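All heavy atoms count here, side chains included; hydrogens, waters and symmetry mates do not. For clarity, every value in this text was computed on a predicted model and none was experimentally measured.
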Amino acid sequence: MPNLLTHETSPYLLQHADNPVDWYPWGEEALARARRENRPILLSVGYSACHWCHVMAHESFEDPDVAALMNRWFVNVKVDREERPDIDHIYQTAHQLLTRRSGGWPLTMFLDPRGRPFYGGTYFPKEARYHLPGFATLLERVARAWSEQREDIDRQNDELTRLLAQTVPRPDPDGAVPGPAMIQAVRDALVALVDEVHGGLGGAPKFPHPSEFEFLLHRAAAGDAVVGEAVRRTFTGMAEGGIFDHLAGGFCRYSTDGEWSIPHFEKMLYDNAPLLRLYADVWLMGRDPLCARVVEETAGWVMREMQTPEGGYASSLDADSEGHEGRFYVWDVDEIRNALDAEAFRIVALRFGLDRPPNFEGSHWHLRVARSWTEVAAGTGCPEAHCAAVVDAARSRLLAVRSARVRPARDDKILTSWNALMIEGMAHAGRVFGRPDWIASARRALAFLRRSLWVDGRLLATHKDGKSHLNAYLDDHAFLVSALIELMQSGFEHADLQFAKDIADTLLARFEDPDAGGFWFTSHDHETLILRTKTGHDEATPAGNGVAARALIRLGHLIGDARYLSAAERTLRAFAPAITRQPAGHAGLAMALEEWIAPPAMVVLRGPAADLPAWTAALGTHYRPGVVVIPLGEAVVTGEGILDKPLDDRVNAWLCRAVTCLPPMVTSRQLLEALGEENASPDVSTAPQTS
């Protein structure tokens, strides 16, 4: 019989609606029952694309005997971590304090009726293995402890509550905004973690760490050769590794090994959004065709497989299909041989290492680049260009074969924060590569957010099947302001500027901590939980405080609003001690600090719209992380800081830093020279032509 998850919008919760477990969604009904019956709460947190969440569900939550024990002793609450990151943040932190180990999903926590956790872990098998107790045995032990050791649990919960409160960052009362030395400290801490062979940070499991590598890309652009090599190695390793889908484009969430070879196969929107943007920037740094291919194929995958008919972007693709992780993606060698002619198979086998032992479970191969084009050419006696063309054609054929398989499920819920990340990624990649179709995709997604998730002056967090709900979080607001600033660089629309101001004003009014600085993860009128979090630490997604500070600095300089600049300054002061303690974890705040120390260069292009593309093309030849270019064109903007510029019959360019603007320039050469590129070419002028 269906449980109380039946009416939820989350695909993850709906996956559990027919479990024999008496599941509740998080809410007052479950908490009130726990208080009324003095029962502990079993909290299970996961997401729809999570492989080990599926395993635990099949083993335990679908088993009537295990479910009977859960129903007898506990109030059972299921949470989608993507819809409720506020809850996930709290209990992941509690898990680390209780177990001294990092968390993950599924997260399994046992709470008292007040929501305070007293025991927990991640995945628990049905039968004892992996040095873990069987889940049924664990349930019995926890229930007995609740019955017989209540005073000890209460004392532990009091102490844990105190420790949780200490995780909220507090500024040094006499502290100042950090200086350039902090930028160097973050750089040094990250470089110390770089894998000098395969790239990336640390060993297995290996994650992309987009915030950290965006910061390092800034350092590479400033001339740091050591960092530049680390960035090149990392982005080449990911692009050639199995974490990248060599047939359809897009990246999986992380690699289970240190060589980028075998991923957990779920594809998340939030990973692909910043990677799309960063690969475009790495391409600008070196014009590597591998980066261009990654951008084109990932953008194509996003539009083809992730953009919904309404315009928003879906959240993820599952790791599993037909009950097995990776089944959709991996190959038997005979499948590939039968799909290709003899020459194509010989070249593909060399390129992807099919002549080597299988690299996945059993006798399966997961595609990753095994040999360079030079090695493939030497092994076949064919020119490199011919080998590359054969592999491209073979990839199309293999994609067609793979597309006939049972596809992984797609989580169709549309999350505001993740959509904002992808709007920024698609708009930026479209601007770099001159692809109006990618920018149009971003604009479709933005239109959906404005239409469906911006309701009566309030932002909502999630949408599915015609229903938008849940208070939006810090990340939703911060990421959206940043995305709107990027979209304004792709083609100015006054509505984008107004929307950015509305969201920024909401940030200040509903999220800022006016006493200590920085932004709470939840709004002032959010449901009361056991902890109100405020974090600047980057995780798989960038920290909302870092993105907010940087976006407010840019918006504040753009329109001359000191409120935004002051809020960014208070944020940097608030997190200064945390950055000092753990510089490698705060790359996002470090990038905001860069633009606080040296305000971004703001370029306003004002003049006939038809002449703007030549200017933006001239400006788009280099990677300039500290430059914001607004192609204002003929739009009328009054009283908006540096955007309030007169219109002429030719394009005029204003270069402004902080409160100072240079006189208008009428050729791109003048502008590029002012940006520090004296030898830049070609020149673009929109001065009237004479015969």
Side-chain angles (χ1 to χ4, degrees), residues 277 280-281 284 423-444 446-447 481-501 551 554-560 599-657 661-675 677 680-687:
R277 178 167 50 84
D281 287 338
L284 280 174
I423 289 167
E424 183 170 2
M426 290 292 284
H428 183 76
R431 179 161 62 90
V432 169
F433 284 93
R435 290 293 298 266
D437 53 332
W438 300 352
I439 298 170
S441 170
R443 287 214 164 272
R444 285 185 62 215
L446 177 66
V481 176
S482 185
L484 287 160
I485 293 172
E486 177 58 55
L487 266 177
M488 284 190 279
Q489 297 184 77
S490 304
F492 181 82
E493 294 186 12
H494 196 277
D496 296 340
L497 176 61
Q498 186 58 53
F499 197 21
K501 290 163 58 180
R554 292 187 163 202
L555 188 59
H557 284 303
L558 189 64
I559 65 173
M602 296 285 176
V603 176
V604 178
L605 302 176
R606 187 87 163 96
D611 295 331
L612 290 180
W615 280 79
T616 54
L619 287 167
T621 56
H622 289 71
Y623 173 56
R624 301 182 183 87
V627 178
V628 176
V629 179
I630 305 296
L632 195 61
E634 299 168 73
V636 178
V637 179
T638 304
E640 296 285 10
I642 65 170
L643 295 177
D644 193 350
K645 294 289 187 283
L647 180 64
D648 199 355
D649 59 359
R650 59 182 178 182
V651 172
N652 285 269
W654 281 266
L655 173 58
C656 306
R657 295 181 187 272
C661 292
L662 297 179
M665 291 164 271
V666 296
T667 71
S668 63
R669 180 179 297 278
Q670 288 176 295
L671 177 57
L672 294 174
E673 288 177 354
L675 287 169
E677 300 167 21
S681 60
D683 188 32
V684 175
S685 172
T686 55

Point to revise | Derivation of the salt bridge (charged side-chain N to carboxylate O under 4.0 Å, His left out) call for R443 and E493 | key: CA-CA 11 Å; R443 287 214 164 272; E493 294 186 12; 3.5 Å; yes

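- With rounding to the nearest 0.5 Å, the separation of CG in L643 from SG in C656 is 9.0 Å.
- Contact check for L619 versus V627: no side-chain heavy atoms found under the 4.5 Å cut-off.
- Among all heavy-atom pairs drawn from L612 and G633, the shortest one is CD1-CA, 3.4 Å.
- Inter-residue side-chain proximity for P608 and V651 is flagged as met; some heavy-atom pair is nearer than 4.5 Å.
- Under a 3.5 Å cut-off, the side chain of E640 and the backbone N or O of I559 do not form any donor-acceptor pair.
- Across A442 and A427, no two heavy atoms sit closer than the pair CB-N, 4.0 Å.
- For the pair Q489 and V628, the minimum side-chain heavy-atom distance is below 4.5 Å.
- Taking CD1 from I423 and CD from E486, the interatomic distance works out to 11.5 Å, rounded to the nearest 0.5 Å.
- No option in V629, L675, I642 other than L675 meets the side chain to side chain contact (heavy atoms under 4.5 Å, CB included) test with L655.
- For the residue pair A653 and L605, the shortest heavy atom distance occurs at CB-CD2, 3.6 Å.
- Side-chain N or O atoms of R606 include one that pairs as donor or acceptor with a backbone N or O of A635 at under 3.5 Å.
- Residues L632 and V637 come closest through the heavy atom pair CD1-CG2, 3.6 Å.
- Side chains of L446 and D496 form a contact here, defined as non-hydrogen atoms less than 4.5 Å apart.
- Contact record, P600 with H557: CD-CD2, 3.9 Å, taken as the closest heavy-atom pair.
- Of all heavy-atom pairs between T667 and W615, the closest is C-CH2, 3.3 Å.
- From E634, atom CD reaches atom CG of D611 across 9.0 Å, with rounding to the nearest 0.5 Å.
- Of the possible donor and acceptor atoms, one in the side chain of D644 sits under 3.5 Å from a partner among the backbone N and O of G639.
- Taking CG of L662 as the reference point, atom CD of Q670 lies at 10.5 Å (rounded to 0.5 Å).
- Using a 4.5 Å cut-off on side-chain heavy atoms (C-beta onward), R554 and V481 make no contact.
- A donor-acceptor pair under 3.5 Å is formed between the side chain of N652 and the backbone N or O of R650.
- Q498 places no side-chain N or O within 3.5 Å of a backbone atom of H494 that could act as its donor or acceptor partner.
- Within the 4.5 Å cutoff, side-chain heavy atoms of L555 are placed close to those of L497.
- For the atom pair I439 CD1 and H428 NE2, the distance stands at 11.0 Å (nearest 0.5 Å).
- The only option from V603, L672, L671 that meets the side chain to side chain contact (heavy atoms under 4.5 Å, CB included) definition with M665 turns out to be L671.
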